[in-house]
Structures are given as structure tokens and as C-alpha cells.
Amino acid sequence: METTDTVRRGIYDFAAIEQKWQAYWEEHATYRTLNPGENGFDASKPKLYVLDMFPYPSGAGLHVGHPIGYCATDIISRFKRMCGYNVLHPIGFDAFGLPAEQYAVEHGIHPAVTTKTNIDNMRRQLKMFGFSYDWNREISTCEPEYYKFTQWIFLQLFNCWYDPIGERARPIEELVTALERGERRVDDAMQVMHAPSDGEGVAYSDLSDADRRTVLDGARLAGVYEVPVNWCPALGTVLSNEEVTNEGLSDRGNHPVTRRPLKQWMLRITHYADRLLNDLETLDWPESVKIMQRNWIGKSTGAEVDFPIASGSAPASESSGSDASSIDDFQAWRNARKESGFPVKPDAACIRIYTTRPDTLFGATYMVLAPEHPLVSKITTPEHRDAVLAYVEAAGHKSDLDRTADAKEKTGAFTGAYAYNPANGHKIPIWVADYVLMGYGTGAIMAVPGSDTRDFAFAKAFDLDIVTVVEPTTAWAEQVARLPKGTLSEIREAARRRISESIERWKHEGSEDRGKHIAFAEDYLKSDRGDMQLDAQSIRNLYCLTPRVFAVPFCQPSVAINSPMGGDHTLGDDVCDLNGRSTEQAMTAIGDWLESCGTGRRAVNYKLRDWLFSRQRYWGEPIPILHDNAGRMIPLDEADLPVSLPHLDDFSPMVDPDPNAPITLPLSKSGDDWKIVSREGSAFRRELNTMPQWAGSCWYYLRYLSPNNTERFCDPEAEKYWMPIDLYVGGAEHAVLHLLYARFWHKVLYDLGHITTPEPFQKLLNQGMVQAFAYRDPAGRILNDERVTETSPGKYIVTESGDPAVQIVAKMSKSLKNVVNPDDIISQYGADTFRLYEMFMGPIESSKPWNTRDVPGLHKLLQRIWRLVVDEHTGDISAALTTTTPDDDTRRLLHKTIKGVTEDISSMKFNTAIALLFEFVNELTPREDRPREVIEPFVLLLSPFAPHMADELWGRLGHEGPASLQTWPAYDPELAKDNSVEIAVQVMGKVKARIIVPADADDKTLERVAMEDEAVKKAIEGKTVRKVITVKGRLVNIVAN
RNA sequence: GCCGGAGUGGCGGAAUUGGCAGACGCGCGGGAUUCAAAAUCCCGUUCUCGCAAGGGAGUGGGGGUUCAAGUCCCCCCUCCGGCACCA
């Protein structure tokens, strides 16, 4: 034992080496990055800003999934630094928000304390990996020095408005000026009219002070609105749409979420919908993330159409003043609309709908209002009132979860009221149903059951008319024809019944385009059940006649029919004839027609909702707003920032299982000295809501640029130099939340001239998840590796029972007890081994299982590299390390390795880069003579991956300073090529021989050498050579038969 | 249901974008070294038939294009992620 220790003095002591170099880097500020203007800053170098998504300081610390992205960015940073770049590579902590606070609540310690402890632990872990962060730029979002500027940005949002004409945010003062000059006016809902026509609206100067305030507050990008919000009783706070899963549970903690109307701070991200959508095109992001953002923004184009409510349907009501009006004379309404044009706000006598398929207007056979739609109570007739009220009541009580679960079953209630279809004057019933959402479009739809799946299902359930207005394509009909036989015979039978019932009426309608269908129908009735083939053409005919017999409607674009129908010619000249037009043409035609008639207009809609920005929690940024007794909101001055979070002993959220319990805010428990602000003799109350989790992370990448600037959120010179971020690496779970919010704030700051780039994150990379192996027993139970035994490679049994088990890949989870702690791995093998292992596991962007069994392989690599340089017995430089000139093959190997590693790092293929390091070591290990000329550059190649060992070896090789500050080795492209290559010779596509030829051998040489080969001769014996294909440097294929 | 991504040895994964499938690592087998073990070094390792030489099959399944397909086209299956009454 003792002898071993003394003899092997030169053993690879990773613990000592890593400690030594981490201390050195810290002492010498090796990775300190200078800003433009600082002493020693080299402006001639190109810049690179490499950013990791910063971590939440959770009590559990880092698990092995975190560092996989951090290793990747560290390798890139170190590599580019060696290539001569100024590299900005910072880190910090996302310390505010629910996870930190939940932890504090659960452990009964103040969040400020737990957060600090957790950050200290995480910082220790991060340093242990040897990442080359500039620790001078470390930030934490919960420090007042940081959130001072989070609050400052909030004030920017509060103090600006979105100008739809200039398509950018502008200071609110500029709106005041425009309003005072009369360039913009105000409508009767106190909304700014951005392009008022003559005499329209009210002049701002004519408004009272209170109204002026309402106008301005309504225009701000940050404002308070009463809206139905996601309330999570268990967390005691509201949540944004993005924080609620599609099961209606909280993103964090999986608690139920209910809807309740509350007055809340909203950020008007919807103004930026188009820019957030369009600018995605300029970004080098994974397509999947772009798609997710596009879907979330959910832009659609179509039209808004007004449907006048038919008189006689609305009851004479008790509160006549607010009652919906109605019209008696459809023609008169049309004429009036032609005069007035399409009003900005729908008048009381009509229902405004939004549709993406205005070309199907003639097929609108009924209308549906969302249960929350304000017109519901106004148009419902007395005899339907009870049923409708009951339905609306029930719909209101349904949680999101219930609504999702019942999605298949269509429910609804008839209001008793009717509206006129503006295209054909048909009187159509108005229903209430919860499949129409108040939050999208206008909260009302025209139902076109012939061309919409949901309307179709609803119409079938409630026996409403279905008219086909788009002729199905043959392709669709063929698909239907492929349905199981039973389905088809059902269609056939049902169709027969419907046709015989309706054929007389159809004839009577005298529809022109029904002529051909009627002929078909008569044939159909004459034929026997058995011999009537349901070919594609019959299916199309049947769908045009009686779509109801089908299981699903035809919803694709095609050609318009029945638009109008034969019997519709009562509308005089004002008919929009779409028949025979393609869906695309019909859209244009109906759009023009609607606009000329004043009954509709083209419109754009978004799924994106405004960002619900207040939280009823303690551990977040206070919102820098004061309230006066008149209900006015007063933004604080910049000089009053930060509004420090007051210390509270009881900071727990209000948790009441009753989803309608009145809300108490944690900050209301603070003393009056914080809550009440006196100014010039008046008392003001502080805003008691806090900002959400995401606020701090919306701009942290800007704070890194100049974290110590107390005057500004960032230094303009630094911003101009470093932005945008050249590489941003993090988990895919932030695809919409963080990445959308941050882009929004960034654009606002850009509009206001505070920063110079329209987008923050130029290139984005999602690292894959680190999973774990698990095992499934015959009963389907999932077990971890402690409970199974490997009997032979790939075969497992449950240790206890002997049952067979199969290996599967699962998420690491506390419940499975298969979470790997990086501290354990590092204490056993060192950080360099850990880094190499994580990078060697596979492509950075794909998820893959952690396998501790594989780790020693990478440790062995480092030990072998160590022994290439150091004599293990003496601790001196190995005697095999010589100053002799390397032979040609060795030099070629080095240059090939440099080329490969350089290219692989550049394209972030770290796993194959490490494979090249292995190959180099495999080749050099057995050599008695290892020229320094190849070993030294190799140590530099190792540096980004295993920085501690590289710096140590570099020193032992007799150099001053760390390897990580050296210049990246260059390669000679000529030397990186082989001079002879092995080429496969195929006969009819099968490899029959291998030949060695010069690397640059031309086609003729290849063919000649191949034909001379004995094995080839044998293979083509007795055959005629038809053709010889040669691929230089790759293969020869002889076609012979 | 819709939109993405993926399926390659016992395992993680490579494969000039149409050109020798399985680089590299793990595991496994064999050998050297050792009194022995660990460590180290060397050899082998897709499956299958065969003592061997050698043959056959093979990238989720089925079809196709091509001298040549893991890679391109059509159909299908499985897994993972996202969205989900968005009119």
C-alpha cells in the first residue's frame, strides 16, 4: 500500500489538479471579460455572447441534466476564446418566483434566507465544473440592485402606448400631444381612435380629467383590467395562460385552476403579436420552437360579419334601456348599412362574428353565442329563459378540466331568438353553447355545419339544418369510400331515407346547381340497395344533397356551391354569387362584397392573450405604482426605485380551497410604513401585487452587460457591442413562456430606443433531457436498477422474484430514486471526466439516458492522456516525450485530429469530437516515441473539454500560464488528408474486394486497379461488364451479368 | 384529432447528406503481465449457417426509384414532445 503511493507519485490526481486550477483562475481572473472602454479591451477581436438559461436556485441543487447545456456553452466559449474572440459568458440566478417561495414556505424559513443558501450551493456546484464564466458579472434577480431595473422596465411599459400606425411603442407623452393636437380622437368607449375620419369620435380636449385619465390608462402597455383569470387556490395566486397546462392544472405543482373574474395587471403583449410572429423568420432557432411560438400566437385571417337580430325574437323586457334591439325589415337594414358602412363597434341590433371561412357564409344555418356573451340575456325569449339561464349557469361552474373532458359531447340551449344571414336573408336560430369561447374572436360564431367539424357535430346533436356550400373533392370522397363496409352501408341506408323525404322539396327549390344532384338522387332511389355502388362520385353527390348522413363534414378548400341556392333570388341585385368559384376566389369575392355592403370586413385574429402580470404572492418584485384615494394610479419616479420588498415574518400566500374566497395579499401584512406613502400631505397606498416569476428573466441577459451600473439597466456602449446573443442554450420547456415574454420586453425596450437590436436571441439550442434507465417487470411496474440483476448482456431479472424485466428509458425522478447527483460523480472521477462523459453521451439536442457504468471509460481516456505526458512513477515528464520530428503519419494524424475537432466543435458535435480524441490517444499510447510537436497541440485540443487537465499538462510541459489562454492550433489542409485510401470494390452492389490507391487516384486508375484485383476477376468471371461506376475516394461498383 | 421529432448491435451512439452500415465508448469474450488480484496493454465482438475457407440476412414493417438506399418517394406500425372546441 505504502509502496504504491510512493512509487506512483505521478498518478493523475484529479481532485488536487481541479482545485489548483480553479483557485488559479479565480486568483488571476482568467475568464474576466472586459467591456468596450475598459482598460485592456481589444476592439480588434470579434465578439461572441454565449448564454445559458440561468437556473432557479432550488434546494435540490443541480442535477445532471443542468450541466449538459452548461458544458456545451463552456466548450464553445473556451474554443472561441482560444480562436481569438472576445467572449461574454456569464451566469446568474433566477431567484424570485414560485419555486423558491414554495421551498421557503415548505421549510418554514424566510425565502431570502433559503434563496441565499441555495444560490451559495449552486454557485459552489457551478464552480466545481470548471466553467469559464465571468463571475464578476454574476447577478441574482431577487437583489434590489437588480430588481430596481425590473421595476424600471415596468415603468417603461406603464409609461408608453402602442402606436398601431407607426407599429411601435412610444412614450405616453407623445400620445397626449397627438390627442391634444386633435390628430387622434377618442371613441365612446374611451378608446383612442388612431385614424379618425372627419368628425368621428370625441376630441380629447372636450373630455373631463377623469375621462382623459381613462383614455390614457387604457392605452398603456401595462394596465389594470377586470378579466376572467386563472386562479389557483392551492398556490394562492393567479396564473397566466402560459402557466396553465391543457388539463387545467398549474404548470408548477399540478394544482387545479379555476376561472374567476379579477382586476389584474395585464401587459399588452397582443399588440406585438404580428412582430413576434414575423421576426421569428430572422432567428436561427430550432424549427420546433418557432412552430410552438407560431401556434401560441395563433394568427388567423378571415372576416368579421354582422348578423342582424330578427325582431319578434327579443322580448319586451323589464330593463328596456339595455335591451338588445332588433330589426323588422332585413332589406331596410341592408340599405342602411350600405349607407353607413361597417361600424367600428357593432350596434345593438346585431351579432358580430369572426370567421376564417367567410366563403361559407351561405352555409351559416344557425348562430352560437358563448355562454358569457353579453347578448345572451338580452335576446333570450321568455319561454327559453329558464333553460338558457340554467345552461349558462352550469357552463360557468365547469372548470377547464371538465370542459376539456366533455369536449366530445356537444351541449347547448336555444335562445328562441333568430338572426338574418346577411348573405341570403335566411332567418336562422341563435343558440348558446360552451363550444364557443368568449375569449376568442367576438365570442359568437356563425355556424356552418356543412364545412366545420364542431358545427357539424352540434347540428347533428340538435337537429339543425346542414347545407353543403363547398363541394367535396374527389380525394376526400375516396377517403370516405375507404371507410369500413359497415359505415358505408349505414351512409347508404340513411341517405336513401333522407333523399326520399327531401327530393320533392329540392325539386321545388329549383336550384340550378342542384339539377345534376337531383338526377343522381332519382337514380339512387330507383336502384336497389345492393347494386348501388358508393364510388367517390356518388359520395360527392350524396354529400352535396344530404351531408347529415356522413360521420364527418368536408372542411377543406374546394369549389363553392349553393351560394346562393336556387330559391334565394329574392335579394335583388345585391347577391354575391360565389357558385363555381374556388375557395380562395370566393374568399376574395365575399370579402369585397361584405365591405361594399357594410355588413362585414376582413379581419385578423390571434390566439395570443394579454399577459396577466400580477401575482398574489410575496417573493417577487413589488410593482412600482401608487394608488390614491380616488382610484388613480401613479407611477413612481425613477429616482424612487427600487421599491424594496419589505421583510415579512409571515409571507405565506393565502391558501383557501374555496375558489371564490376574497383574496388577501401577502404584502398587505406589511406595516403602514411600507404600505402608505405620504407625499405633499396626501397619503398613497402602494400596489400590493407582485410580478410573476418571468419578469426577472425577461431581461437578465441585458444586465450581464454591465451588472454594476447603478444608473442604468445596462451600459449603451456594452449593449451595442455585445448584443445580440450569438448562442442561447436551455431547455425546451421555455419554448413559449420565457422566450416569448423576453422577446416582448426586448421589443418594447427597442421601440423606446433603450437598446439597438430587435431580437435578443439570435441562435437558440435546446439541450436534450438526461433520462435514466429503468426496468419494467411482467406486471408493468417500473423499477430502478437497484432492484434488478443483469443475467447476461441485455437480459435482466427482478432480483427479488426472479421475474424477467425489460430495460426501458424513463425520466429521472425522486419517486424512482434514480436521480444522479453531479457532486457524487465529480468526487469519484473529477469534473473533467464528468464534462467529457456528458458531452460524449450523444448529440447535445437529443434526450438520452444517463449510464453511470459508462463514466469510467471517459476517466480512462484522461488517465491515458495523462500518461502520454507524465511518467506515473516519477511524476516527471514522460521519457517517451521527445523533441524529434514526427514522422509523416503521426503529423497527418495530428492535423486530421485538429481539423476534425475544430469542425466538430464549430457544429456542436461534441460527441464525435471526443471520439477523435480517443482515436488520437489509441494511436499514440503504444508509441515509444511521442514527439512534443504533436502532443502539445493535442493538449490544447483537450482544453475546452477538460480544462483542468489541459492547464496542468500545459504547465508540466514547461509553459507559462494556462492552456486555455493559448491560441487554438491550426491545421494544414494538405496534411489533414490521407495520401492513400482503401477503396471498396463492389460487383453488383456487393463488396467483393478492397484496394489501396493514392487518395487522389482518378476514375481511370480506380477502374484499372479494381479490374486487376483477383477477387474482382473471380466475381466477374463469365459475366459481361455493362458499366463501371467509380466514385473518387469512395468506391468502385462494377455492373456485370 | 392536428402539428413536430425519432426508431440503427446487448447498451449510448457514428455514418462527406445517395457511395464500404455499426466510427468512438460501454459491456462481453480471449490473451499478455502478475504468486494472485486490481490497474495496464494487445486481440476479438451485428446476427446467422459453418471446424474453417466462405455463404446468407441486416438500419421499426411493407412496397418503390437507383449501378448503389439508414439516407430519396408512397403506405403502415411504435415511441417521445407540443397544441387541442381558437370559429
Side-chain angles (χ1 to χ4, degrees), chain A residues 4 8 11 246 286-292 294-296 298-300 302 353-357 360 368 403-404 406-408 410 433-437 439-448 451-455 457-458 552 605-608 732-733 735-736 766 769 771 773 790 792-796 807-809 836-837 840-843 845-851 853-858 860-861 863-864 867 872 909 911-919 922 925-926 982-991 993-994 1026-1040:
Chain A
T4 322
R8 304 177 74 193
I11 201 165
N246 49 12
E287 200 51 37
S288 60
V289 177
K290 288 190 185 184
I291 288 169
M292 276 191 245
R294 282 192 202 109
N295 288 346
W296 193 260
K299 181 178 185 171
S300 71
I353 60 99
Y354 170 74
T355 177
T356 54
R357 288 293 300 271
T360 63
V368 185
R403 253 173 125 142
T404 313
D406 308 344
K408 285 156 235 144
K410 289 279 178 291
D434 68 0
Y435 82 91
V436 173
L437 310 173
Y440 183 80
T442 60
I445 61 152
M446 66 173 196
V448 185
S451 302
D452 181 278
T453 319
R454 298 145 303 177
D455 299 342
F458 191 83
V552 287
N605 235 303
Y606 300 90
K607 266 168 70 177
L608 183 70
E733 67 273 18
V736 274
N766 294 131
M769 250 192 318
Q771 301 159 313
F773 284 117
E790 186 169 19
S792 65
K795 302 277 179 223
Y796 300 87
Q807 191 179 56
I808 57 164
V809 172
L836 278 170
Y837 171 65
F840 190 63
M841 286 171 79
E845 64 274 20
S846 43
S847 295
K848 54 235 165 226
W850 176 276
N851 192 359
R853 192 170 77 175
D854 288 346
V855 176
L858 282 300
K860 241 169 65 183
L861 173 69
Q863 287 179 318
R864 295 170 74 194
R867 288 194 297 267
E872 269 197 309
K909 287 158 68 177
N911 54 332
T912 51
I914 294 168
L916 290 168
L917 302 183
F918 267 110
E919 286 184 68
N922 286 344
T925 295
E982 192 188 67
I983 292 232
V985 184
Q986 300 180 330
V987 177
M988 297 302 285
K990 301 223 168 207
V991 180
R994 289 166 209 281
R1026 306 280 171 196
K1027 203 170 164 188
V1028 179
I1029 291 120
T1030 55
V1031 183
K1032 256 183 88 173
R1034 302 299 304 175
L1035 57 50
V1036 177
N1037 189 6
I1038 300 165
V1039 186

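Worth knowing before you read on, the calculation uses all heavy atoms, side chains too, and leaves out hydrogens, waters and symmetry mates. Chain naming here is simple, since letters A, B, ... match the order of the sequence lines and numbering starts at 1 in each. Because the structure is predicted, anything quoted here is derived from the model rather than measured.
- Residues that satisfy the salt bridge (Lys or Arg N to Asp or Glu O under 4.0 Å) test with Arg294(A), not counting sequence neighbours, are Glu281(A), Glu287(A).
- Residue-level contact check: Lys607(A) touches the bases, meaning some heavy atom is under 4.0 Å from a base atom.
- Between Met841(A) and Ala915(A), the residue whose closest nucleotide on RNA chain B is further toward the 5' end is Met841(A).
- Taking the P atoms as reference points, G4(B) lies 16 Å from C72(B), given to the whole Å.
- Between Glu733(A) atom CD and C80(B) atom C1' the separation is 15 Å, expressed in whole Å.
- We find that CH2 of Trp296(A) is positioned 17 Å from C1' of G4(B), with the value rounded to whole Å.
- For Glu790(A), the salt bridge (Lys or Arg N to Asp or Glu O under 4.0 Å) partners at least two apart in sequence or on another chain are Arg853(A).
- The aromatic rings of Tyr837(A) and Trp850(A) lie perpendicular to each other, with more than 60° between the two planes, well past the 30° mark.
- Taking atom C1' in both U34(B) and C41(B), the straight-line distance is 13 Å, to the nearest Å.
- A distance-only check finds a donor-acceptor pair linking the side chain of Asn1037(A) to the backbone of Gly989(A) [under 3.5 Å].
- At a threshold of 4.0 angstrom between heavy atoms, the contacts of Lys909(A) are confined to the sugar-phosphate backbone, with no base atom among them.
- Across the strands present, C51(B) finds no partner; the criterion is a Watson-Crick or G-U wobble pair with both atom distances under 3.5 angstrom.
- The side chain to side chain contact (heavy atoms under 4.5 Å, CB included) check on Pro286(A) picks up Ser288(A), Val289(A), Leu764(A), Asn766(A), with sequence neighbours excluded.
- One interatomic measurement links the two molecules: CD1 of Ile808(A) to P of C11(B), which rounds to 14 Å at whole-angstrom precision.
- Residue Glu982(A) contributes atom CD, which lies 18 Å from atom P of G19(B) at whole-angstrom precision.
- Partners of Asn922(A) under the side chain to side chain contact (heavy atoms under 4.5 Å, CB included) rule, at least two apart in sequence or in another chain, are Arg864(A).
- Shown here, G4(B) forms a base pair with C80(B); the pair counts as Watson-Crick or G-U wobble because both key distances fall under 3.5 Å.
- Gln863(A) meets the side chain to side chain contact (heavy atoms under 4.5 Å, CB included) test with Tyr12(A), His859(A), Lys860(A), Arg867(A); sequence neighbours excluded.
- G61(B) sits 25 Å from G55(B) when the P atoms are compared, rounded to a whole Å.
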Letter by letter from the 5' end, nucleotides 55-68 of chain B scores (B base, S sugar-phosphate only, - none; protein heavy atoms under 4.0 Å) --S---------BS
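- With a 3.5 Å ceiling on both atom-pair distances, the Watson-Crick or G-U wobble partner of U45(B) is G27(B).
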A correct 5'-to-3' footprint of nucleotides 25-33 of chain B, with B, S and - meaning base, sugar-phosphate only and no protein heavy atom under 4.0 Å, is BSS------
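- In this structure, Tyr606(A) reaches neither bases nor backbone, as no heavy-atom distance under 4.0 Å exists between it and the strands shown.
- Across all strands shown, C67(B) pairs with G19(B); the Watson-Crick or G-U wobble distances both stay below 3.5 Å.
- The interatomic distance linking Asn295(A) (CG) with C83(B) (P) rounds to 9 Å, in whole Å.
- When rounded to the nearest whole Å, the span between OH of Tyr440(A) and C1' of A87(B) equals 7 Å.
- OP1 or OP2 of G5(B) has not a single side-chain nitrogen or oxygen of Ser846(A) nearer than 4.0 Å.
- Comparing Tyr796(A) and Pro926(A) along RNA chain B, the residue whose closest nucleotide (by nearest heavy atom) sits nearer the 5' end is Tyr796(A).
- In this structure, Ile914(A) atom CD1 and A23(B) atom P are separated by 18 Å, rounded to whole Å.
- G13(B) atom P lies 19 Å from atom CG of Leu916(A), rounded to whole Å.
- Looking only at distances, a side-chain donor or acceptor of Asp455(A) sits under 3.5 Å from a matching main-chain atom of Val448(A).
- Rounded to whole Å, the separation between the C1' atoms of U65(B) and G12(B) comes to 34 Å.
- Across the strands present, A37(B) finds no partner; the criterion is a Watson-Crick or G-U wobble pair with both atom distances under 3.5 angstrom.
- A search for salt bridge (Lys or Arg N to Asp or Glu O under 4.0 Å) contacts involving Lys607(A) returns nothing, not counting sequence neighbours.
- Residues passing the side chain to side chain contact (heavy atoms under 4.5 Å, CB included) test with Lys1032(A) are Asp1003(A), sequence neighbours excluded.
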